[in-house]
J.: 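Before I ask anything, let me first share the structure, which is written out below as structure tokens.
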Amino acid sequence: MTWLIEPTLPEGWELVVGLEVHVELATATKLFCGCANQFGSEPNTNICPVCLGLPGSLPVINGTAVKYAMQLGRALQCEVGPSVMARKNYFYPDMPKDYQTTQYDQPTSFDGELMLADGFRVGVERAHIEEDTGKSTHVGGGGRINDAVHSLVDYNRAGVPLVEIVSHPCLDTIEHAKAYVSGLRDILLAIAVSDARMEEGSMRVDANVSVRPMGSEELRTRCELKNINSIRSMGRAIEYEALRQIDLYSNGESPRQETRHWDEAAGRSTPGRSKEDADDYRYFQEPDLVRLVPSAAEIATIDDAMPARPSARRTALRQLVPAASVSVDVIATLVDRGQDELAIAAIGEGADPEKVVTRLQHDLAVDDFSKITAGALADLIRMETTGELTATQVKQVLSEMVDTGGEPGPIAESRGFEAMPTDDLAGIVDQLIAEHPDEWTRFVGGDDGDRKKMQGFFTGEIMRSTRGQADGRAVAELLAQRSAG
Amino acid sequence: MSDRITRDEVIHVARLARLELAPDEVDAFTEQLARVLEHAADVESLEVDDVPPTSHPLPLVNVFRADEITPSIDRDEVLAQAPFAEDHMFRVPPVLGEEP
């Protein structure tokens, strides 16, 4: 029996998920006015006539926000072209103008993609600019919305610049949905356009979930899940919703298209309002804002300054390392930690690729490895490969390199690490064999299990008496030689 | 009565705008809106194939603001003009359902 960490749907069903991810841009000011874009200020201290929608106020768009949105679009391999702002009309108290300024039929970015570590491609339909809403708190009545006495509204967040990234409904597992959101977060941090903190709401995920019979191509009625506060919570919410829908179908019923509110503490979702149709939003072009028309030169400048995408970085490292010996996960881990550049450079200096990658994966799980140069790392790996240093010594030297940024040669010398001459080692091995005749008999004549156990025993003893300076491989060879006669 | 717009459509649009209309108002607005749409239909009948769609009369694009903080306005002054305020926030009637 195999236990899967990934929850699975009942046999015969598959998941169809599309994600809408709202990202707050890390600008100094709001999208259409000079109020501070700041999380955690005193309520209603970052407000002005523009973001309060007072009559006669006029918006002017924040050039930095537009630049960030275009950078994000290009990072997601979108087309970035001319766009216009539009009004989306609806009544809700957290939107003081009674419309949200957003983009509709001409978004800034469209037709992009994000490649996941396992090679799965997530299509990005569009990434458009819009403003955030204010924040309401429901007060009174024991927390139940029907008993609420009133709501309190803070407009500090109203008008904060957002990009909404809409994926195609192509995510087929919870694992892929999670990998997509964490991949987006990595990109946002890499290009530094958002701090992407789900817990502070600067990155928010709504999940459109439906299910269908396995192998079918149809898109069935979907429900939109809101109030998801973490990647883990998203996984739970999607799972709950998929099982709820399968249950309905199994009873001959169908889900209703609706927005549902995820309750993390209760582990379930409850229905919200039925969505207004797009027609009901009466979108029209925003007359107070002019078209955004990026030049080819601007886009080229953005592309030139773009750090390599994680998918491209994984491919670059992958190509240097034998596929059979190093797994996809190890490559992804090094890219996540930002150690791929160091690994590639050390390999370029002639160090053994597999050893470099393995050593970094196991022994460099640290936040700050900036003092280590590629040349020093390559030297260290070379000393390991030639047997000049034992595995234990390499770890110790590497750890000191992290702290001091020193060269491996001098560090090894200062610690008295020298490859023990094979003659000295042979002497120690022979002495130990003489001191432990019973163990030696079990090593020579025992079954495989005994042999392994005793090899461990002798190696451990030798390491202890040489204070870790013996080379493990040389010890193994000596033991094999002696037992062969 | 024109067939440009129905009473039901007027009632629907009024609901979206959170307006409560008396039956005679529905009749009056149906007729007035029909006249507006009639006028739009007149404009629609013009030959404009050669005219590019225009959202703004001014030949301007890319008007940007620098990302620099300017002073916000006084909270107490704003809240004093709201119908209700509490804890430095705007107090509004309870909101049913989720935000869109």
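Protein chains get the first letters and strands the later ones, always in sequence-line order, with residue 1 at the start of each.
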J.: What distance do B/Ile69 atom CD1 and A/Thr29 atom OG1 have between them, rounded to the nearest 0.5 Å?
T.: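 Reported value, rounded in 0.5 Å steps: 7.0 Å.
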
J.: Starting at CG of B/Leu60, measure out to CZ of A/Arg291 and round the result to the nearest 0.5 Å.
T.: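 B/Leu60 atom CG to A/Arg291 atom CZ measures 12.5 Å (nearest 0.5 Å).
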
J.: With chain A as the partner, which of B/Arg65, B/Arg91, B/Glu86 has the greatest number of non-hydrogen pairs under 4.5 Å?
T.: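 It is B/Arg65.
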
J.: Would one find more than 12 heavy atoms of other residues, nucleotides or ligands at under 6.0 Å from atom CZ of A/Arg222?
T.: no

J.: Within a 6.0 Å radius of atom CZ on A/Arg268, are there more than 12 heavy atoms belonging to other residues, nucleotides or ligands?
T.: no

J.: Could you walk me through whether A/Asp154 and B/His88 pass the side-chain hydrogen bond (donor to acceptor under 3.5 Å, both in side chains) test, one step at a time?
T.: CA-CA 8 Å; A/Asp154 169 13; B/His88 305 298; over 6 Å; no

J.: If you tally heavy-atom pairs under 4.5 Å against chain B, which of A/Ile47, A/Thr27, A/Asp98 wins?
T.: A/Ile47

J.: Does NZ in A/Lys97 sit with more than 12 non-hydrogen atoms of other residues, nucleotides or ligands closer than 6.0 Å?
T.: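 More than 12 heavy atoms, drawn from other residues, nucleotides or ligands, come within 6.0 Å of this atom.
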
J.: A/Tyr155: which residues meet the ring pair (Phe, Tyr, Trp, His ring centres under 6.0 Å) condition with it, sequence neighbours left out?
T.: B/Phe90

J.: Which bit of A/Pro49 comes within less than 4.5 Å of chain B, counting heavy atoms only: side chain, backbone, both or neither?
T.: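 It is both, since atoms from each part get that close.
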
J.: Are B/Phe64 and A/Thr64 packed together at the side-chain level, in the sense that at least one heavy-atom pair is separated by less than 4.5 angstrom?
T.: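 No, every pair of side-chain atoms sits at 4.5 Å or beyond.
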
J.: Search all heavy atoms of B/Ser72 against all heavy atoms of A/Cys35 and return the closest pair with its distance.
T.: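 For B/Ser72 and A/Cys35, the tightest heavy-atom pair comes out as OG-SG, 3.3 Å.
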
J.: Quick one: which of A/Gln100, A/Met95, A/Gln285, A/Lys30 has the most heavy-atom pairs under 4.5 Å with chain B, could you say?
T.: A/Gln285

J.: Heavy atoms only, distances under 4.5 angstrom: which of B/Thr70, B/Asp67, B/Ile73 has the most pairs with chain A? Name it, please.
T.: B/Asp67

J.: Under a 4.5 Å heavy-atom cut-off, does chain B meet the side chain of A/Pro43, its backbone, both or neither?
T.: both

J.: Got a second to check how far A/Phe91's CZ is from B/Leu16's CG, nearest 0.5 Å?
T.: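 Here the rounded value is 9.5 Å.
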
J.: Is A/Glu286 close to chain B through its backbone or its side chain, or both, or neither, when contacts mean heavy atoms under 4.5 Å?
T.: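 Answer is backbone: N, CA, C or O of A/Glu286 sit under 4.5 Å from chain B.
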
J.: Taking side chain as everything from C-beta outward and backbone as N, CA, C, O, which of these in A/Leu52 sits under 4.5 Å from a heavy atom of chain B? Side chain, backbone, both or neither.
T.: side chain

J.: Would you mind checking which part of A/Cys51 comes under 4.5 Å of any heavy atom in chain B, side chain (CB onward), backbone (N, CA, C, O), both or neither?
T.: neither

J.: Counting only heavy atoms not in B/Phe84, do more than 12 fall under 6.0 Å of its CZ?
T.: no

J.: I need the full list of side chain to side chain donor-acceptor pair (under 3.5 Å) pairs touching residues 45-60 of chain A, with sequence neighbours left out, sorted by first then second residue.
T.: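 Non-adjacent pairs meeting side chain to side chain donor-acceptor pair (under 3.5 Å): A/Ser41-A/Asn46.
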
J.: Check whether any side-chain heavy atom of B/Val61 sits under 4.5 Å from a side-chain heavy atom of A/Leu292, and report yes or no.
T.: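 Counting from C-beta outward, B/Val61 and A/Leu292 never come under 4.5 Å.
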
J.: In Å, rounded to the nearest 0.5 Å, how long is the span from CG of A/Asn44 to CE of B/Met89?
T.: 7.5 Å

